Engineer: 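Quick one: structure below, then a few questions.
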2 protein chains.
Amino acid sequence: MVEVPAQQRSTRQRRAVSAILDDLDGFASAQQIHDKLSHRGEKVGLSTVYRNLQALVDAAQVDMIRADDGEVLYRRCNAGHHHHHLVCRSCGRTVEVSGSAIERWAEAVAAEHAFVEVEHTIEVFGTCSSCAAR
Amino acid sequence: MVEVPAQQRSTRQRRAVSAILDDLDGFASAQQIHDKLSHRGEKVGLSTVYRNLQALVDAAQVDMIRADDGEVLYRRCNAGHHHHHLVCRSCGRTVEVSGSAIERWAEAVAAEHAFVEVEHTIEVFGTCSSCAAR
DNA sequence: GACTTCTGTGAGAACGGTTGTCAAAACGAT
DNA sequence: ATCGTTTTGACAACCGTTCTCACAGAAGTC
Ligand SMILES: [Zn+2]
Ligand SMILES: [Zn+2]
Ligand SMILES: [Zn+2]
Ligand SMILES: [Zn+2]
């Protein structure tokens with residue numbers, strides 16, 4: 001008999017990556033996550049970290065943004081709805097924000113110039129109060 | 001006698017890069033610009049293209065954005081004021097847009113969470129009418 | 001023009017983040 | 001335990017970008 005393809009097996013590595021994301025309160029790069037895993041004594045290959053992060057992004061369980069220098073950053077995303085981020089560029093602490101005003105503005109601007117299949121990228125970077133206190 | 005340092009010499013390569021940017025109506029990557037130069041018979045080293053583009057960005061004469069795949073795209077920027085872009089993801093055609101509503105939203109959101117030294121990235125991507133007509 | 005000085009150039013190497021390869025390991029259903 | 005399939009990981013390959021440094025060539029001076 002052909003079994004149902006269990007297209008997501010539970011492995012030690014997958015659980016470890018997921019656990020790191022749970023303990024993280026801001027965005028982190030794949031390599032930073034890999035380092036944190038090593039620190040915990042979890043031996044996980046770098047390729048595996050990349051693969052699992054990508055899978056989580058595809059499953060909409062993780063948000064992905066790109067830092068100024070081009071590095072990709074990941075963060076667990078609980079919210080199921082469309083939102084944006086206010087990120088501390090020093091410690092990575094992040095607040096999820098959203099606003100219908102912006103969404104309407106983006107759509108209006110696109111419609112005004114007859115663009116279709118519209119997407120947008122909106123990220124706000126700053127220094128959080130704790131980091132500014134130094 | 002020590003002359004005044006003319007911190008920007010006029011070279012064939014610099015003029016060639018600038019000319020390409022003038023003829024371009026959308027964003028293009030450094031390598032695309034390098035290819036266009038070769039096509040015109042202008043021999044300019046890739047490093048030189050990167051250097052001159054960076055110099056133009058520093059001089060606020062060129063806008064720089066990052067494509068989804070991380071590649072950096074450049075485009076001549078006439079406007080001296082803060083603005084954002086509505087970019088066709090297919091042909092690169094670009095409209096410069098701005099709106100005080102968004103600017104105020106970004107500031108309000110940051111202030112609400114006590115973030116300082118705030119910057120933001122807002123880009124709208126879509127398919128322009130000519131590209132959608134295919 | 002000739003001479004000098006200092007910036008700009010370019011071929012190639014190096015870099016850094018990310019993705020691909022593929023044999024071995026591990027999961028999970030039976 | 002066995003088997004078919006997924007997952008892993010060491011390592012190489014990739015790709016855009018930056019660095020290196022000997023040399024070319026602007027521009028100022030006489
Ligand atoms: Zn902070
Ligand atoms: Zn939005
Ligand atoms: Zn188009
Ligand atoms: Zn703005």
Side-chain angles (χ1 to χ4, degrees), chain A residues 1-21 27-59 61-75 92, chain B residues 1-21 27-59 61-75 92:
Chain A
M1 197 83 274
V2 175
E3 76 275 23
V4 177
Q7 62 242 50
Q8 193 77 328
R9 289 183 181 177
S10 168
T11 65
R12 174 182 63 78
Q13 295 87 338
R14 237 193 296 264
R15 284 188 299 267
V17 169
S18 207
I20 289 280
L21 286 167
F27 280 92
S29 71
Q31 318 218 58
Q32 285 173 332
I33 290 169
H34 181 248
D35 288 348
K36 283 181 196 291
L37 284 167
S38 304
H39 253 230
R40 287 194 182 179
E42 290 277 9
K43 298 197 314 306
V44 181
L46 185 53
S47 309
T48 300
V49 173
Y50 274 106
R51 265 189 307 246
N52 284 327
L53 286 173
Q54 191 53 60
L56 288 165
V57 169
D58 292 345
Q61 292 181 32
V62 160
D63 281 344
M64 192 182 109
I65 62 175
R66 205 172 278 275
D68 277 3
D69 65 353
E71 206 175 10
V72 177
L73 307 179
Y74 304 86
R75 175 174 183 269
Chain B
M1 199 82 274
V2 175
E3 74 274 23
V4 177
Q7 64 242 54
Q8 194 74 326
R9 291 183 181 176
S10 167
T11 66
R12 174 183 64 79
Q13 294 87 337
R14 202 159 277 172
R15 284 187 298 268
V17 169
S18 208
I20 290 278
L21 286 167
F27 280 92
S29 71
Q31 317 217 58
Q32 285 173 333
I33 290 169
H34 181 248
D35 287 348
K36 283 181 196 291
L37 285 168
S38 305
H39 258 223
R40 287 193 181 178
E42 290 277 8
K43 297 198 314 308
V44 181
L46 185 54
S47 310
T48 300
V49 173
Y50 274 106
R51 263 190 307 248
N52 284 327
L53 286 172
Q54 191 53 60
L56 287 165
V57 169
D58 292 345
Q61 292 180 31
V62 160
D63 281 344
M64 191 183 110
I65 62 176
R66 205 172 278 274
D68 277 3
D69 65 353
E71 205 174 10
V72 177
L73 306 178
Y74 304 87
R75 175 173 183 271

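Remember, it's a predicted structure, so these values are computed and weren't measured experimentally. Letters A, B, ... mirror the listed sequences (proteins, then strands); counts begin at 1.
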Engineer: Closer to the 5' end of DNA chain D via nearest nucleotide, is it Gln13(B) or Gly45(A)?
Structural biologist: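 Result: Gly45(A).
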Engineer: Is there a donor N/O on one and an acceptor N/O on the other, under 3.5 Å, for the side chain of Ser29(A) and the base of dG17(C)?
Structural biologist: no
Engineer: Whole angstrom is fine here: how far is it from CG in Leu53(B) over to P in dG16(D)?
Structural biologist: 15 Å
Engineer: Among dT9(C), dG17(C), dG9(D), find the nucleotide with the atom closest to the side chain of Thr48(B).
Structural biologist: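 Side chain of Thr48(B) sits closest to dT9(C).
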Engineer: Are any side-chain N or O atoms of Arg66(A) and backbone N or O atoms of Asp68(B), one a donor and one an acceptor, separated by less than 3.5 Å?
Structural biologist: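 Between the backbone of Asp68(B) and the side chain of Arg66(A) there is a qualifying donor-acceptor contact (under 3.5 Å).
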Engineer: Mind checking if Ser10(A) touches a base, just sugar-phosphate, or nothing, with heavy atoms under 4.0 Å?
Structural biologist: sugar-phosphate
Engineer: At under 4.0 Å between heavy atoms, what does Asp69(B) touch on the DNA or RNA strands: base, sugar-phosphate, or nothing?
Structural biologist: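 It contacts nothing in the nucleic acid.
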Engineer: Looking at the side chain of Glu71(B), which of dA11(C), dG17(C), dT17(D) is the nearest nucleotide?
Structural biologist: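 From the listed options, dT17(D) comes nearest.
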Engineer: For Val44(B), does its backbone N or O pair with a side-chain atom of His34(B) as donor and acceptor, under 3.5 Å?
Structural biologist: yes
Engineer: Heavy atoms only, 4.0 Å cut-off, all strands: where does Arg51(A) land among base, sugar-phosphate and nothing?
Structural biologist: base
Engineer: What I'd like to find out is whether the side chain of Leu21(B) reaches to under 4.5 Å of the side chain of Leu53(B), using heavy atoms alone.
Structural biologist: yes
Engineer: dG17(C) P sits how many Å from Arg66(A) CZ, rounded?
Structural biologist: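 Rounding to the nearest Å, CZ of Arg66(A) and P of dG17(C) are 13 Å apart.
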Engineer: Between atom CG in Leu46(B) and atom P in dA13(C), what is the gap in whole Å?
Structural biologist: 15 Å
Engineer: Roughly how many Å is it from CZ in Arg15(A) to P in dA26(C), rounded to a whole number?
Structural biologist: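 One finds 13 Å between P of dA26(C) and CZ of Arg15(A), rounded.
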Engineer: So does Tyr50(A) get a side-chain nitrogen or oxygen closer than 4.0 Å to the phosphate oxygens (OP1/OP2) of dT18(C)?
Structural biologist: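 Yes.
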Engineer: Does any part of the side chain of Ile20(B), heavy atoms only, come nearer than 4.5 Å to the side chain of Glu42(B), both counted from C-beta?
Structural biologist: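 No, their side chains stay 4.5 Å or more apart.
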Engineer: If I take atom CD in residue Glu42(A) and atom C1' in nucleotide dT8(D), what distance separates them, rounded to the nearest angstrom?
Structural biologist: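 Nearest whole value for this atom pair: 14 Å.
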Engineer: Would you classify Thr11(B) as touching base, sugar-phosphate or nothing, given that sugar-phosphate means primed atoms plus P, OP1 and OP2, and contacts are heavy atoms under 4.0 Å?
Structural biologist: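 Touches sugar-phosphate only.
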Engineer: Counting C-beta onward and ignoring hydrogens, is there a side-chain heavy-atom pair between Gln54(B) and Arg51(B) closer than 4.5 Å?
Structural biologist: no
Engineer: For the pair made of CZ in Arg14(A) and P in dA26(C), what is the distance, rounded to whole Å?
Structural biologist: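 Taking atom P of dA26(C) as the reference, CZ of Arg14(A) is at 15 Å.
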Engineer: Find the distance Asn52(A):CG to dT6(D):P and express it as a whole number of Å.
Structural biologist: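 After rounding, the reported distance stands at 15 Å.
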Engineer: Rounding to an integer number of Å, can you tell me how far Gln54(A) CD sits from dT7(D) P?
Structural biologist: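 Value for this atom pair: 15 Å.
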Engineer: Hey, is the side chain of Arg9(B) pairing donor to acceptor with the base of dT7(C) inside 3.5 Å?
Structural biologist: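 Such a pair is found, so the answer is yes.
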